[in-house]
2 protein chains.
Amino acid sequence: MVTSKDVAARAGVAQSTVSYVMSGKRSISPETRAKVEAAIAELTYHPNAGARALASNRTSVIGLVVSMSRTTEMAGLLPFIEAITSDARVRDHDIVLVTEEAGTASLERLSGRSLVDAIILMDVHLHDARLERAAQLAVPVVLIGLAEDNHGLDAVDFDFEAAGIMAAEELLDRGYTRVVVIGEPPEVNVRAYGFIAGFERGALEACHRRAAEAEVLRPAAPGWNAFLAEVSEQIGKARTSRVGFIARTPQTVAWVLQLLLIGHLEPGRDVGLVGMCTDEDSETFSTPVTNVSPRPREVSYAAMNRVFELLDGAEPGGQIQLIPPRLTRRCTT
Amino acid sequence: MVTSKDVAARAGVAQSTVSYVMSGKRSISPETRAKVEAAIAELTYHPNAGARALASNRTSVIGLVVSMSRTTEMAGLLPFIEAITSDARVRDHDIVLVTEEAGTASLERLSGRSLVDAIILMDVHLHDARLERAAQLAVPVVLIGLAEDNHGLDAVDFDFEAAGIMAAEELLDRGYTRVVVIGEPPEVNVRAYGFIAGFERGALEACHRRAAEAEVLRPAAPGWNAFLAEVSEQIGKARTSRVGFIARTPQTVAWVLQLLLIGHLEPGRDVGLVGMCTDEDSETFSTPVTNVSPRPREVSYAAMNRVFELLDGAEPGGQIQLIPPRLTRRCTT
DNA sequence: GTGAAAGCGCTAACAC
DNA sequence: GTGTTAGCGCTTTCAC
């Protein structure tokens with residue numbers, strides 16, 4: 001293994017000089033810098049991460065804690081993971097990914113062992129028992145998602161209520177007079193996550209403000225059959241009045257499209273549809289769907305930004321940053 | 001920060017004794033062990049990862065390198081990532097996740113800085129330029145996926161050819177006399193990944209062996225429209241003969257189902273369909289689809305197993321482990 | 001502008 | 001069965 005000592009010997013300088021050349025923490029004469037950099041290149045020197053962490057109390061690693069319990073919703077996490085890891089690279093950091101269904105064991109491990117400089121905790125729910133411990137860790141923690149009580153931790157979240165409003169208003173603007181929000185089957189614990197309720201509330205209130213008819217549909221069970229039973233009735237109504245659907249998940253969007261195809265109704269003409277899904281999802285449906293994007297990239301960047309502000313000495317103040325939704329009109333409205 | 005020195009002082013033993021209690025690398029009298037463990041608990045001692053790595057040349061971290069270029073196929077990676085991270089936890093290791101479109105920069109960083117003990121490289125393609133460098137790293141590397149030349153690296157892959165055979169034989173066994181494999185639009189670089197060709201070859205040869213009619217359909221472009229144009233013609237034929245479809249991706253499965261619904265054909269009765277997708281995917285389609293699972297968990301475990309064999313001193317011998325497919329008959333055959 | 005040297009917290013010889 | 005001690009490779013004072 002090539003060490004900074006080897007580099008120093010090769011360049012004819014002290015070990016500390018090598019260190020200072022790399023960190024830029026003191027001024028170096030052009031000649032010395034050149035010699036050191038040449039030696040680094042010739043020996044293909046890489047600083048040892050463990051030694052650096054030990055000496056500097058900085059690991060250049062961020063912990064990303066996600067709870068991968070529900071396989072279905074899991075797919076939605078990938079854009080976040082992707083955005084966070086690539087942003088970390090840009091900032092010259094690495095990501096340790098931990099998947100934990102519940103509990104704070106990994107939080108305490110990551111922090112206690114000084115494996116990471118900071119932690120991003122995803123999938124926070126309303127009464128998240130992890131937050132109390134998270135707030136006491138030695139490293140800064142940033143949440144993605146909101147709890148009823150964030151315990152003073154900084155959080156970033158997508159503005160689901162605004163998303164609901166935006167989806168509803170798009171439908172109303174496009175002349176649909178009746179709005180149907182596809183809700184969750186009872187299996188999904190709506191109470192656990194505030195954002196589902198927030199989204200529905202936004203949509204309903206927007207309709208209410210504009211005196212439009214609105215309704216949340218709740219299939220009796222998960223799966224296509226219950227969905228079919230609940231929603232196809234609504235499709236019937238769409239033949240006589242201008243109905244617009246709001247679907248909160250890619251799966252639901254796909255199913256609504258499927259139902260319309262079966263009923264020989266053309267989305268965007270006979271029926272309106274706004275989906276909450278990424279732009280990539282929107283474009284891979286059989287019809288490009290007007291969508292409100294949950295903006296995983298923006299949410300992730302905001303969380304990372306806050307992480308680095310905290311690492312730079314900012315005080316955690318329980319601040320909440322909401323990322324506004326963005327609607328892209330495609331073929332279904 | 002609580003250090004092993006603090007624990008030693010508290011327990012009235014030497015620092016090294018604390019170390020040996022934790023590692024079990026030498027025998028400790030019950031009394032000392034009890035004292036040390038009590039001190040550890042009282043002080044909530046966590047060993048410092050950097051110091052441990054520095055002293056032991058072991059980080060207890062595995063690097064997972066995935067290339068997240070194509071957003072579409074990306075979703076399929078999640079089950080692998082999930083399986084690998086949770087298996088790592090069981091083995092008391094952590095995962096640093098790196099996403100890199102191409103190039104070996106992160107491989108060299110992870111290894112050069114001694115950030116990781118080993119690397120799992122996913123998404124290997126036929127002429128993967130990374131492998132040559134990967135084979136020269138100081139840490140063991142295990143591939144998920146196969147290249148034409150693995151450069152002596154160990155690899156694990158799903159047996160795509162066997163999957164193709166299995167899918168075709170299921171259809172033939174169930175009385176479908178004509179097999180249609182939905183291929184890739186030209187956009188997908190079939191040449192880059194051997195597994196797509198392997199899958200199709202398996203399906204075609206199985207049909208050929210049993211003298212059944214078989215065909216690979218290649219939509220002229222990506223997206224629903226080209227798919228519709230290409231496949232709906234085949235749906236027509238299904239009204240007069242027993243046609244079975246093989247769809248290689250969840251997206252394609254969904255589209256075939258959609259097409260059948262539009263044409264008022266019932267999958268499993270009028271038309272056969274076997275999808276290559278996870279069991280979870282299968283169950284969330286509108287009809288539970290008979291599927292050949294790519295077995296992400298098994299592939300991941302096999303890769304991790306090999307990693308730990310190598311860490312335990314096994315010699316890398318360019319060995320290739322193929323995970324056999326498994327078919328689950330559901331409602332579409 | 002540069003060097004020498006003292007740790008960071010752990011592991012693993014080497015003693016006894 | 002346990003204590004003593006020499007590093008691991010870096011950062012960062014302190015000294016010049």
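Residue numbers start from 1 in every chain, and the chains themselves are labelled A, B, ... in the order their sequence lines are given, proteins ahead of strands. Atom set for the values below is all heavy atoms of this structure, side chains included, hydrogens, waters and symmetry mates excluded.
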- [ ] Check whether more than 12 heavy atoms from other residues, nucleotides or ligands sit under 6.0 Å from atom CD of A:E132, and answer yes or no.
- [x] no
Open item on the list: If you define the side chain from C-beta out and look only at heavy atoms, does anything of B:M122 sit under 4.5 Å from B:S67?
Closed with: no
Task: Heavy-atom side-chain proximity of A:I120 to A:M304 below 4.5 angstrom - done: yes
Please tabulate, one pair per line, all N/O donor-acceptor pairs under 3.5 Å involving side-chain atoms of residues 143-152 of chain A, not counting sequence neighbours.
{"unit_1": "A:D149", "atom_1": "OD1", "unit_2": "A:H151", "atom_2": "N", "d": "2.8"}
{"unit_1": "A:N150", "atom_1": "OD1", "unit_2": "A:A147", "atom_2": "N", "d": "3.0"}

Open item on the list: How would you summarise protein contacts on nucleotides 9-14 of chain C per nucleotide, using B for base, S for sugar-phosphate only and - for none, with heavy-atom distances below 4.0 Å?
Closed with: BBBBBB
Task: Heavy-atom pair of closest approach, residues B:T278 and B:P294 - done: N-CD, 3.8 Å
